[in-house]
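By convention in this document, chain letters (A, B, ...) are assigned in the order of the sequence lines, proteins followed by strands, and residues within each chain are numbered from 1.
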2 protein chains.
Amino acid sequence: MIKITIQEVSEKYNLTKDTLRYYEKEGLIGPITKNASGVRDYSEADLARIEFVKCMRSAGLSIGVLREYMRLYDEGDYTKDERIKLLEGERDALKEKIRLMQDAYKKLEFKIQNYQKGIW
Amino acid sequence: MIKITIQEVSEKYNLTKDTLRYYEKEGLIGPITKNASGVRDYSEADLARIEFVKCMRSAGLSIGVLREYMRLYDEGDYTKDERIKLLEGERDALKEKIRLMQDAYKKLEFKIQNYQKGIW
DNA sequence: TTACTACTTATAGTATACTCTAAGTCAAGT
DNA sequence: ACTTGACTTAGAGTATACTATAAGTAGTAA
């Protein structure tokens with residue numbers, strides 16, 4: 001009866017079962033359908049959303065922002081513009097973060113290459 | 001008598017005074033010399049280190065890693081190889097993080113450009 | 001001298017994102 | 001029937017990085 005268990009999802013995306021339940025509780029994914037015994041059965045759509053959430057979390061988007069985005073989505077089509085604005089804001093913040101990290105990367109690389117000349 | 005106050009450093013680097021004292025307590029900077037009244041007076045070398053720490057923090061290097069690096073530095077020249085290894089490790093981790101963020105950036109950009117086609 | 005402001009310390013509190021524990025349920029194998 | 005193992009929940013605990021509070025000191029201006 002159960003097709004995709006939390007165990008399988010956990011292994012596929014390298015997220016702990018606790019994290020998957022936590023994301024669900026926080027409204028980032030799901031609610032996941034459960035069988036008669038209350039056991040979760042993930043759909044393909046659930047998996048696609050998990051992949052998206054994982055990707056965004058790895059880029060530093062907060063739980064709060066992702067929850068807000070999903071909340072807007074659930075509110076209906078009329079929130080589309082607001083959702084796009086939210087995504088644009090996150091995209092711009094991400095761009096700046098990437099810039100800072102690339103700057104740090106260059107500094108680290110220089111420091112490693114010229115270590116003897118460094119102060120610390 | 002005092003040349004560079006915590007107030008000035010705070011404004012120059014856009015770090016709160018609390019954060020500057022916190023970094024010092026955690027061994028990331030200083031110890032900063034204090035005048036007879038116990039008030040901090042930052043040197044140019046202190047500032048350079050603060051700038052480095054700020055840059056590395058903005059890239060996500062942890063307090064723990066930066067403390068460890070400074071601890072090794074204080075231990076002496078013989079820790080040089082270990083320090084370089086530490087920096088190389090952080091550089092590689094940073095590279096991977098930049099990759100993940102660029103991936104998320106592209107996904108976000110695509111989602112924004114093709115919003116109507118998206119699922120959420 | 002008094003008032004004000006900026007500094008000091010130690011310690012407590014907050015935000016974020018998990019991560020773990022306890023107690024219990026359920027289905028399958030022996 | 002019993003044991004095993006994976007699932008469930010609610011809620012507590014942890015790690016990281018600040019951030020705020022309280023109580024006190026020191027220097028300056030009126």
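Sequence neighbours left out, the pairs with a member in residues 61-76 of chain A that pass salt bridge (charged side-chain N to carboxylate O under 4.0 Å, His left out) are A:Glu26-A:Arg67, A:Glu68-A:Arg71, A:Arg71-A:Glu75. Under the side chain to side chain donor-acceptor pair (under 3.5 Å) criterion, no residue pair touches residues 49-64 of chain A, with sequence neighbours excluded.
Between A:Asp103 and A:Lys107 there is a salt bridge, since a side-chain N of the basic residue sits under 4.0 Å from a carboxylate O of the acidic one. Salt bridge status for A:Asp81 with A:Lys85: absent, with no side-chain N to carboxylate O gap under 4.0 Å.
Atom-to-atom, CG of B:Leu66 to C1' of D:dA17 comes out at 12 Å; the value is rounded to the nearest Å. For the pair A:Ile32 CD1 and D:dT9 C1', the interatomic distance rounds to 16 Å; values are reported in whole Å. Rounded to whole angstrom, the span from the CG atom of B:Asp41 across to the P atom of D:dA26 amounts to 18 Å. Distance CD1 (B:Ile6) to P (D:dT25): 20 Å, rounded to an integer number of Å. Atom pair A:Arg67:CZ and C:dA15:P shows a separation of 13 Å (rounding to whole Å applied).
Judged by distance alone, with hydrogens and angles left aside, the side-chain atoms of A:Asp46 form a donor-acceptor pair with the main-chain N or O of A:Ser43 at under 3.5 Å. Looking only at distances, no side-chain donor or acceptor of B:Gln113 sits under 3.5 Å from a matching main-chain atom of B:Phe110.
Shown for residues 7-29 of chain A: residues whose heavy atoms fall under 4.0 angstrom of DNA chain D, namely A:Gln7, A:Lys17, A:Arg21. Within a heavy-atom distance below 4.0 Å of DNA chain D, no residue of residues 51-61 of chain A is found.
Judged as a salt bridge (charged side-chain N to carboxylate O under 4.0 Å, His left out), and not counting sequence neighbours, the contacts of B:Glu24 are B:Arg40. Under the ring-ring contact (aromatic ring centres under 6.0 Å, His included) criterion, A:Phe52 pairs with B:Trp120, not counting sequence neighbours.
Of the two residues near DNA chain D, B:Ala36 and B:Ile63, the one whose nearest nucleotide lies more 5' is B:Ile63.
The side chain of B:Arg40 places an N or O atom within less than 4.0 Å of a non-bridging phosphate oxygen (OP1 or OP2) of C:dT8. The shortest distance between the side-chain N/O atoms of A:Ser37 and the OP1/OP2 oxygens of D:dC7 is not below 4.0 Å.
Note that CG of B:Leu87 is 11.5 Å distant from CG of B:Leu94, once rounded to the nearest 0.5 Å.
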